[in-house]
Amino acid sequence: LVTSPSKAATWQIFQAAERYLGADCGSRRIGPFELTAGQQGRLEFATPADLLLGEGHRRLRSAQLLIIDEAAGLPVDVVAELLWRARRVVMATTLDGYEGSGQGFLIR
């Protein structure tokens with residue numbers, strides 16, 4: 001499960017996963033932001049709001065892993081709530097560059 005402040009910013013994750021898994025793993029691109037592999041493997045995008053409302057709680061608990069891309073672009077309380085609800089989390093952010101938002105992430 002992948003989330004980010006911007007859906008478009010996550011396209012590289014899906015491209016890399018598709019290249020890494022390849023046809024040998026039975027990977028299939030369903031759309032630009034959804035990929036399946038084998039019988040049960042699935043990588044899909046969901047907005048942070050969708051994950052924190054309604055059925056999103058169930059999706060977070062059932063996911064093996066939550067990838068938060070550009071985590072510095074999300075409010076601290078949203079990131080904290082995602083960390084609390086997901087089983088395993090990987091956060092990625094840019095530390096240099098775009099308006100120094102990653103530096104704020106380091107401080108928090």
Verify same cluster id: Leu82, Leu53 (apolar side-chain graph, 4.5 Å)
no
Testing the basics here: between Phe14 and Leu43, what is the closest heavy-atom pair and its distance to 0.1 Å?
CE2-O, 3.5 Å
Atom CD in Gln64, atom CG in Leu1: separation rounded to 0.5 Å?
11.5 Å
To the nearest 0.5 Å, what is the distance between CD1 on Ile68 and CG on Leu83?
5.0 Å
Membership question, hydrophobic clusters at under 4.5 Å side-chain separation (ILVMFWY): are Ile30 and Ile67 in the same one?
no
Hey, are Arg59 and Glu55 close enough for a salt bridge, meaning a charged N less than 4.0 Å from a carboxylate O?
no
I'd like to know if the side chain of Ser4 and the backbone of Asp69 have a donor-acceptor N/O pair within less than 3.5 Å.
yes
Atom pair CG (Leu60) and CG (Leu51), whose distance is rounded to the nearest 0.5 Å:
4.5 Å
Here the ring pair (Phe, Tyr, Trp, His ring centres under 6.0 Å) pairs for residues 44-94, sequence neighbours left out, are none
Of all the heavy-atom pairs spanning Thr47 and Thr3, show the shortest one and how long it is.
C-OG1, 3.4 Å
Atom CD1 in Ile13, atom CD in Glu18: separation rounded to 0.5 Å?
14.0 Å
Minimal non-hydrogen separation, Arg61 against Arg87, with atom names
O-CD, 3.2 Å
Locate the shortest heavy-atom distance separating Val89 from Met91; write the atom from each residue and the value.
CG1-CG, 3.8 Å
